[in-house]
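Side chains are part of it too, since the values below use all heavy atoms of this structure and drop only hydrogens, waters and symmetry mates. In the text below, chain A, chain B and the rest are named by the order of the sequence lines, each starting its count at 1.
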Amino acid sequence: MTDIVEALRTALEEIAAELHREGELERPLPVGENDFVIPRERQRGDLATPVLLKAPSRRPRPELAVLFGERLRARALPFLQSISVAGGGYLNFLLTPSALADNLRQCLNNPDQLVPPAETRLKVRVEFVSANPTGPLTIAHGRQAAFGEALARILSACGHEVKREYYLNDEGRQIDLLGESLRVRVLNLLGDARPLPEDGYQGEYLVDLARGLVAERGESLKLETGEFFRDRASSEILQEIRSDLASFGVIFDSYRSQKEITARGEVGETLERLKKAGLVYESEGALFLKTMPYGDDKDRVLVKSDGSYTYLAPDLAYHRLKYAEGDQLMVNLWGPDHFGYITRLQAGLAGLGCDPQKLKIIIVQLTTLYRDGEKVKMSTRQGEFLPLSLLTRELGADVTKFFFLSRKASSHLDFDLEQAKKNSAENPVFYLQYASARIASLFRHQEEKMPGADLSETGDLLERLGEPEERELMLRLGQYGSAVAMAGRNLEPQLLLAYLMNLVKIFHQYYQRCQIIGIDPDLSRARLLLVRGLEKVLKQGLHLLNIRAPERM
RNA sequence: GCGCCUGUAGCUCAACGGGACAGAGCACCUGCCUUCUAAGCAGGUGGUUGGGCGUUCGAGUCGCCCCAGGCGCGCCA
């Protein structure tokens, strides 16, 4: 299919060049891959291009289109059944049965080569979730996890070398507070009635953790240091997080510890470099980074007057490391609360000589939760939050992931928990999965009715597929590769999901109207081959989205 | 106040470097299981794409101005 578009593209450009030489066109006409679409009104053809509408010519467009049509016809391109002109200058193309069958052959014979490799294979690092190990994963993290994982898989399918990374914020004020909160909970259990620190973590999960500790260690805990509680709390919580992620189908290649980066002296080194570059200055006992030249409202503090780092300093060090390790594309998924941070991070990186173009920061908007129409506020510190596990337990991981993946990152989402539960049986994810189950069922049926049938694609068997849905399926199967490529290029997994929904819709229609396994054995074999090709694409696509493709439902 | 995101059917959202008549799911109405899974299919109701001006052969998409919601603008992370 991509080759068909490429051949058409070149042919049109060549004809335009001819017409330019002949004086019909004022300039040559550049034609891009994106100038071709599958017409919404399918009776018009299989492919269409409006590109002639912007041709630099004094001729009326329809006339020009006819001229192009004639020259194109004269070239007798083997995949074209017919060419027509409509809509005031559109060129519409009908593909031959064998051209369509070629799409299917690709899926059957080279299912691993459907996605065109990116022009350059990049070292990509996708950093996401990166939740502080101070509490369970929330719905917001879940959205990032679903999005980031799908993105990583898609980029990888596009031929990039992808690493998933979790930046672990395991030092600083919040971790101190967490440790102190755990200590108080423990002491409470041991009979000391002191209150939690101000701004401490009030979540019930710390009480559970404290109980476990007391059961294990008893009175001896009274002598433990702050460091003990900090480490204990954060590592226990991280274990929970990892296990939640794993059951969500998300496994990180690395957890990068901020504490370790600091300990290795990377932060100091980074600050030194910024100093050398003349980008910092001292004021009121604090060290400031000059971010205003990069469009920031004010310069930002790197080192507080008490000598401790702000978040910015280690984060700059972390990103400098990524550049040093040779990343060619870094995709960061951040919550909207970190938005204001983009400018200062990029300012610092530019100062360090790192190309900011390599860093793509995607702000993943929040999901507002409702319970029976009432808004639920989330705050980890106050102990009031809705953990991701609640959603996955009540709705299932696939439903949850689908919900997140069907929307682009910039959409603010509304999620009514009760509504979602009520509707979960009607969830559109089942539309996809049901197709998968139906396909599996077809092959089980085939084993019964036509055991051992030869399902190799030979001769002109596929040419027998002439029903509208069959043509349509073969046409759309040819688009899978570019759907994945597009999702990867734009960093938008929902584009792939939308493609799969459309593909599966045609299958459901087909299944309803045509009997796959019928009286005519050759026709049955041809149809089964079509279904087999579809199965390969559907499975692959669902895998990229990290959604299961069940064999039964 | 400044910056960013969002505004599309009753609800939740799509629409791929502008393209032909803006699409799905849910909800609602009418049909379809003695053919392979009815978690499906066919048909119907439902839209001035928040409002206005502009660019273009063509605007949901690009530009400017309003309106509304969200989030930022800490020596918090």
When we call it a touch if two heavy atoms are under 4.0 Å apart, what does A:Asp337 touch: a base, just sugar-phosphate, or nothing?
base

Side-chain contact, heavy-atom cut-off 4.5 Å: A:Arg173 with A:Leu177?
yes

Could you tell me if the side chain of A:Leu312 sits less than 4.5 Å from the side chain of A:Val301, heavy atoms only?
no

For a quick check of understanding: with a heavy-atom distance under 4.0 Å over all strands, which category does A:Ala435 fall into, base, sugar-phosphate or nothing?
nothing

Could you check if a side-chain atom of A:Arg230 sits within less than 4.5 angstrom of a side-chain atom of A:Glu171, using non-hydrogen atoms only?
no

Of A:Leu53 and A:Tyr431, the one whose closest RNA chain B nucleotide lies more 5':
A:Leu53

5′-ward residue of the pair A:Gln365/A:Gly172 relative to RNA chain B:
A:Gln365

With heavy atoms under 4.0 Å as the rule, sort A:Arg61 into base, sugar-phosphate or nothing.
nothing

Counting any heavy atom closer than 4.0 Å, what does A:Arg444 reach on the DNA or RNA strands: base, sugar-phosphate only, or nothing?
base

Contact between A:Ile154 and A:Leu491 at the side-chain level, heavy atoms closer than 4.5 Å - yes or no?
no

Any base atoms under 4.0 Å from A:Ser406, or only sugar-phosphate, or nothing? Heavy atoms, all strands.
sugar-phosphate

Counting any heavy atom closer than 4.0 Å, what does A:Asn34 reach on the DNA or RNA strands: base, sugar-phosphate only, or nothing?
base

Within the supplied structure, the quantity of interest is the number of heavy atoms (other residues, nucleotides, ligands) at a distance under 6.0 Å from A:Gln43 CD; does it exceed 12?
yes

Looking only at B:rA20, B:rA14, B:rU35, the nucleotide nearest the A:Arg407 side chain is B:rA14

Does a side-chain N or O from A:Ser411 land closer than 4.0 Å to OP1 or OP2 of B:rU6, or not?
no

Base, sugar-phosphate alone, or nothing: which one does A:Glu551 contact when heavy atoms must sit under 4.0 Å apart?
base

Looking across every strand, which nucleic acid part, if any, lies under 4.0 Å from A:Thr310 by heavy atom: base, sugar-phosphate, or nothing?
sugar-phosphate

May I ask you to say what A:Gln494 touches in the nucleic acid, namely base, sugar-phosphate or nothing, with a heavy-atom cut-off under 4.0 Å?
sugar-phosphate

Ignoring the backbone of A:Pro336, work out which of B:rC21, B:rC71, B:rA15 is nearest its side chain.
B:rC71

Describe the nucleic acid contact of A:Val37 in one word from base, sugar-phosphate, nothing, applying a heavy-atom distance below 4.0 Å.
base

Would you call B:rC65 syn or anti, using the 90° rule around 0?
anti

Within the structure shown, what part of the strands sits under 4.0 Å from A:Arg300 by heavy-atom distance: base, sugar-phosphate, or nothing?
sugar-phosphate

Min side-chain heavy-atom separation A:Pro56-A:Leu29 under 4.5 Å
yes

Can you identify which nucleotide, out of B:rA38, B:rC73, B:rC75, has its nearest atom closest to the A:Ala286 side chain?
B:rC75

G-U wobble or Watson-Crick pairing nucleotide for B:rG10 (cut-off 3.5 Å, both distances):
B:rC26

Answer with base, sugar-phosphate or nothing: what part of the nucleic acid does A:Lys449 contact at a heavy-atom distance below 4.0 Å?
nothing

What integer distance in Å separates A:Arg438:CZ from B:rU35:P?
15 Å

Measure the distance from CD on A:Gln509 to C1' on B:rA42 and round it to the nearest whole Å.
9 Å

Partner nucleotide, any strand, of B:rC76 [Watson-Crick/G-U, under 3.5 Å]:
none

So which nucleotide from B:rU12, B:rC75, B:rA20 ends up closest to the side chain of A:Phe288?
B:rC75

Would you say the side-chain atoms of A:Asp35 pair up with the backbone N or O of A:Gly32, donor to acceptor, closer than 3.5 Å?
yes

Selection from B:rA77, B:rA14, B:rC73 that lies nearest to any side-chain heavy atom of A:Ala498
B:rA14

What I want to check is whether an N or O donor and acceptor connect the side chain of A:Asn502 with the base of B:rA15 at under 3.5 Å.
no

So A:Thr343, base contact, sugar-phosphate only, or nothing? Heavy-atom distance under 4.0 Å.
nothing

side-chain N/O A:Lys304 vs B:rC76 OP1/OP2, d < 4.0 Å:
yes

Categorize A:Asp315 for me: base, sugar-phosphate, or nothing, with a 4.0 angstrom heavy-atom threshold over every strand shown.
nothing

